[in-house]
Each structure stands twice: as C-alpha cells, then as structure tokens.
K.L.:
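This is the structure I want to talk about, given as structure tokens.
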Protein chains: 2
Amino acid sequence: MVQVMCAQRTKLRRAEILAAASEVFRAKGFHAAGMRDIAARLDVAVGKLYYWFPSKEALLAFCQEDCLTRLLAMIAVAEEEHVTAVDALRALIRGHLRCLNAEVPGSLAHLETESLSSTDRPRILRQRRRYEEAVTAVIARGVRKGELQVKDARVAACVLLGALNWTVKWWRPDGRLGLDALAEAMADQLVDGLCVRGPARKRRRK
Amino acid sequence: MVQVMCAQRTKLRRAEILAAASEVFRAKGFHAAGMRDIAARLDVAVGKLYYWFPSKEALLAFCQEDCLTRLLAMIAVAEEEHVTAVDALRALIRGHLRCLNAEVPGSLAHLETESLSSTDRPRILRQRRRYEEAVTAVIARGVRKGELQVKDARVAACVLLGALNWTVKWWRPDGRLGLDALAEAMADQLVDGLCVRGPARKRRRK
DNA sequence: GTAGGATCTGAACCATGGTTCAAGTGATGT
DNA sequence: ACATCACTTGAACCATGGTTCAGATCCTAC
C-alpha cells in the first residue's frame with residue numbers, strides 16, 4: 001500500500017531526472033553535458049541525481065534503454081498492423097521519428113553508445129542490434145514479396161536509420177515543419193525515391 | 001628559398017598532426033579524445049601539438065575546415081561535369097562518402113560543430129551552410145527540370161546528407177562492402193528509392 | 001666549431017566536472 | 001512530542017585532461 005505509492009513516486013522522480021538528462025545530453029552531447037547542468041535544469045542539487053542514479057553513465061544507459069525499448073515495441077506494432085512491407089516501413093519511419101524527437105525521455109537513443117563502457121554497454125548494443133535486425137527484416141520481407149528492391153537489406157537499413165537518426169541534429173520542434181509532415185516527406189523520399197521514373201523506365205545500371 | 005622549405009615542412013608537420021587528430025576524434029569523439037591520445041598516436045610529446053596549434057579546439061576547427069573545403073570543391077566539380085541533376089546527385093553521393101570516409105585528414109567534417117565555441121565557429125558554420133545549399137540547389141534544379149520530385153528541396157538535402165553523414169558511425173574500411181560499392185548502393189537507394197514502382201504507378205498519397 | 005633560431009620534450013599547473021558525504025529537512029507512525 | 005526513515009542539500013574531494021613553460025635537442029649559417 002505504502003510501497004505502491006513509493007514505487008510510483010520513485011518512478012516519477014527517476015523519470016523527471018531522465019527527461020532532464022536526456023534534454024541536456026541531446027543539446028550538448030554526452031561528454032559536454034555536466035551533472036550540474038542537469039541538476040540546474042531541474043533546479044535541484046547535484047547530490048539528488050546520485051541518490052536516484054549511481055552515475056552519469058547510468059543516466060545515459062537508462063536513457064538509451066528506455067528509447068530502445070520503445071523503438072522495439074513500436075516496430076512490433078508496425079509489423080503487426082500493416083500487411084505490406086511498404087506500409088510497415090512508412091509506419092516505422094513515423095514511429096522512429098516520434099521516439100527520437102517527440103517522446104522526450106531518452107530521445108538521444110542509441111546515439112553515443114561509444115560513451116558507454118560500463119557493464120550495461122553490451123546489453124544496450126544487443127538491443128540496438130535487435131532493432132536494426134527488425135528493420136532489416138521488414139526490408140527483406142519487402143524484397144521477398146517483390147515490393148522493394150535492394151541489393152543488401154542490411155545496408156539499406158543502415159542508410160534508412162542514418163537518415164532518421166540524423167534528424168536529431170537538425171530538426172527542431174519549433175521549426176516550420178511539423179514532425180508528422182517530416183515523417184511523410186521522409187517516407188516519400190526514402191521509400192519512393194527522389195527520382196521521377198516514367199512508366200516502364202528501368203533502373204539505372206545493372 | 002629557405003622560407004619555401006620551411007613552409008613546406010610546416011605544412012607537412014601540421015598535416016601529420018591533423019591526420020592523427022582526425023582519426024582520434026573520429027574514433028572517440030571530440031570530447032572523449034585527449035590531447036595525450038593524439039600525441040601518443042604520433043609518438044611525440046603533447047607539447048609538440050601546442051607548438052603547431054594553439055588549442056585542441058583549433059585542431060577540430062582545422063579538421064572541419066579542411067573537410068568542408070574539399071566538399072565544396074567536390075560539389076563544384078560534380079555540378080560542372082554532369083548535365084542531369086540525377087547524375088550530379090550520384091556523383092555528389094560518391095564524393096561525399098569519399099571525403100568523409102577515405103581522405104582521412106578532417107574526416108569527421110562538420111559533425112560536432114557544437115563543440116566549437118571559439119572565434120572560428122561562425123566561419124565553419126557559414127561554410128557548412130554553403131555546402132548544404134549547394135546540395136539543395138542540385139536537388140532544386142532536378143525538380144525544375146522534372147527529373148526529381150520532392151516537396152521541399154532543403155529538407156530533402158538534410159535527409160540525404162543525414163544518411164551520408166551517418167556512415168561514419170557504421171561503415172568501416174575493412175568491412176566486406178567497399179566504399180565505391182557503398183556509394184553505388186546508396187545512390188540506388190536514395191535516388192531511385194526502395195520501392196518497386198510498376199509502370200504508370202502513381203505516388204502514394206497526394 | 002659555435003651562435004642562434006627553430007623545434008621538441010615532459011613534468012607541472014590548474015580548471016573542469018564527476019563523485020562523495022556529513023548534515024539538514026520533512027513526513028510518517030507511535 | 002519524538003524517533004525514524006526517505007529524501008535533499010551543497011560544500012569538498014579528487015581524477016581527468018587541456019595548457020604552460022623552462023629546459024633539451026637539432027639544424028642552419030657563418
């Protein structure tokens with residue numbers, strides 16, 4: 001009874017801290033961000049951070065894990081809800097952008113994994129790999145079904161994820177382009193391509 | 001006479017240091033990389049670095065400027081040598097990948113500009129903007145000529161550059177995929193798109 | 001050979017920033 | 001009221017790492 005309330009409160013405190021940490025990490029990068037910056041954003045003392053988390057690195061690890069968990073959940077739903085690979089891909093693009101750019105806590109995601117050296121690094125990398133393989137699988141399915149054309153689904157996934165991840169470097173919520181509009185534009189560009197292809201026009205090169 | 005030799009030697013020394021710095025920056029990130037790491041890679045004392053460059057940040061600035069200069073030269077050539085926007089775009093993709101991943105000194109390019117706070121930051125950002133606008137211009141030209149289809153050429157350029165820049169995070173020279181093969185795969189994917197479009201098939205959505 | 005400049009060394013300096021901890025605050029149960 | 005415990009504070013500690021500098025070394029000119 002009392003424990004339940006405490007558990008909720010605990011989760012809340014930790015979530016608040018994670019959200020602030022995530023924002024600061026994202027704005028300045030992991031190394032440039034200081035614990036004092038994070039504390040200042042919450043208007044609390046540094047010591048508080050260490051009451052709820054063991055270290056700065058743990059803060060990053062929690063951020064990343066949180067984001068990866070949401071990405072994995074998102075892609076599972078995308079696969080389930082759409083029959084064609086093309087539709088699943090478009091849903092994936094929208095979902096990925098939301099995870100990184102809208103749902104704040106942990107938004108810097110699997111970027112900066114180099115900064116992790118502790119015990120939880122392998123676990124995070126494993127999760128990231130699982131996600132990458134899920135994306136690869138969607139593309140591979142599209143190729144099998146004749147919906148998509150790529151030489152190497154794994155490389156195609158890296159390229160796609162690169163374009164999506166890079167948005168954290170340039171997209172800003174207060175810009176003229178909303179997140180959903182961006183998602184649609186990116187889906188058009190990445191799925192359909194930039195090039196106008198006339199009827200019956202063949203692919204360039206072999 | 002003597003001055004000429006000195007000038008050459010000076011350039012050589014600085015280039016050696018820049019190359020080492022670039023590799024370390026790239027491997028560990030700007031903040032995580034230490035001056036002692038860079039010195040160790042060259043097997044010299046830290047003091048040497050400060051004889052040739054005023055600070056660590058200057059090292060980063062020189063790296064970035066060097067890379068941006070090469071990118072700007074590259075895109076000028078690409079524009080000149082190819083009549084169609086599609087061909088220019090494919091050349092640009094290949095050239096960008098080479099600048100970032102092959103021609104070592106300065107390869108981390110315009111990434112990590114947040115880390116610059118000194119006097120040369122605005123200059124670097126201006127150059128980067130010039131490059132981005134050159135890329136945007138190629139795309140816009142393609143749209144005007146009816147070769148390409150995008151709503152917003154600027155956004156399309158960001159997406160394209162994002163996919164290209166992200167390669168520094170995952171592509172490795174010793175992998176099974178060579179740089180030129182990667183360039184071709186990326187050009188196919190980004191220019192032509194992932195989706196197979198049958199003859200006369202319309203774009204999804206409006 | 002020797003003076004003088006250019007170049008290099010590495011130990012020491014010092015600010016930054018992650019981390020710790022002893023002490024304070026406030027709520028809860030008795 | 002009082003004891004207890006969860007929670008918070010912020011000053012202090014200390015390792016890291018950018019930077020400096022006094023001296024060593026090397027090279028060129030005379």
Side-chain angles (χ1 to χ4, degrees), chain A residues 1-18 20-25 27-63 112 114-121, chain B residues 1-18 20-25 27-63 112 114-121:
Chain A
M1 164 191 76
V2 174
Q3 291 175 345
V4 172
M5 278 199 53
C6 283
Q8 283 182 342
R9 192 171 285 179
T10 293
K11 233 176 183 174
L12 193 66
R13 288 283 172 283
R14 292 167 79 98
E16 280 172 1
I17 292 174
L18 279 182
S22 179
E23 284 174 40
V24 179
F25 285 159
K28 311 179 75 168
F30 176 72
H31 277 97
M35 293 300 268
R36 288 165 181 84
D37 295 335
I38 298 170
R41 166 164 297 235
L42 289 167
D43 212 26
V44 298
V46 254
K48 181 170 179 177
L49 305 181
Y50 285 91
Y51 182 80
W52 296 101
F53 293 93
S55 69
K56 182 184 175 188
E57 194 176 316
L59 231 39
L60 179 65
F62 274 76
C63 279
E112 305 230 35
E114 326 83 44
S115 305
L116 294 172
S117 62
S118 77
T119 43
D120 29 36
R121 183 171 138 95
Chain B
M1 163 192 81
V2 174
Q3 290 177 346
V4 173
M5 276 199 55
C6 284
Q8 283 182 342
R9 193 171 285 181
T10 293
K11 233 176 181 174
L12 193 66
R13 289 283 172 284
R14 291 167 80 98
E16 279 171 2
I17 292 173
L18 279 182
S22 179
E23 284 174 42
V24 178
F25 284 159
K28 310 179 74 168
F30 176 71
H31 277 97
M35 293 299 267
R36 288 167 179 83
D37 295 335
I38 299 170
R41 166 163 296 235
L42 289 166
D43 212 26
V44 299
V46 254
K48 180 170 180 176
L49 305 180
Y50 285 91
Y51 182 80
W52 295 101
F53 294 92
S55 70
K56 181 185 174 186
E57 194 175 317
L59 231 40
L60 180 65
F62 273 76
C63 279
E112 304 230 35
E114 327 82 44
S115 304
L116 292 172
S117 62
S118 76
T119 43
D120 30 35
R121 182 171 139 93

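Residue numbers start from 1 in every chain, and the chains themselves are labelled A, B, ... in the order their sequence lines are given, proteins ahead of strands.
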K.L.:
Please identify each residue that fulfils side chain to side chain donor-acceptor pair (under 3.5 Å) with Arg36(A), with sequence neighbours left out.
P.N.:
none
K.L.:
Which heavy atom in Glu16(B) sits nearest to a heavy atom in Leu42(B), and how many Å separate them?
P.N.:
O-CD2, 4.0 Å
K.L.:
Rounded off to whole Å, could you give me the NZ-to-C1' distance for the Lys28(A) and dT16(C) pair?
P.N.:
12 Å
K.L.:
Which listed nucleotide (dT7(C), dG10(C), dA6(D)) is nearest to the side chain of Tyr51(B)?
P.N.:
dT7(C)
K.L.:
Which heavy atom of Asp37(B) sits nearest a heavy atom of Ala32(B), and at what distance?
P.N.:
OD2-O, 4.1 Å
K.L.:
Look at the rings of His31(A) and His31(B) and say which category their plane angle falls in: under 30° parallel, 30 to 60° tilted, over 60° perpendicular.
P.N.:
parallel
K.L.:
Rounded to whole Å, please give me the gap between NZ in Lys48(B) and C1' in dA22(D).
P.N.:
20 Å
K.L.:
Can you tell me how far C1' of dC8(C) sits from CH2 of Trp52(B), to the nearest Å?
P.N.:
10 Å
K.L.:
Establish, yes or no, whether the cationic atom of Lys56(B) lies under 6.0 Å from the six-membered ring centre of Phe30(B) and within 45° of the ring axis.
P.N.:
yes
K.L.:
Does Phe25(B) form a side-chain contact (heavy atoms from CB on, under 4.5 Å) with Leu59(B)? I'd like the steps, not just the answer.
P.N.:
CA-CA 10 Å; Phe25(B) 284 159; Leu59(B) 231 40; 4.3 Å; yes
K.L.:
dC7(D) C1' sits how many Å from Arg14(A) CZ, rounded?
P.N.:
14 Å
K.L.:
Can you check the Asp43(B) CG to dT7(C) C1' distance for me, whole Å?
P.N.:
17 Å
K.L.:
For each nucleotide in nucleotides 17-22 of chain C, reading 5' to 3', give B when a protein heavy atom comes within less than 4.0 Å of its base, S when such contact involves only the sugar-phosphate, and - otherwise.
P.N.:
BBBB--
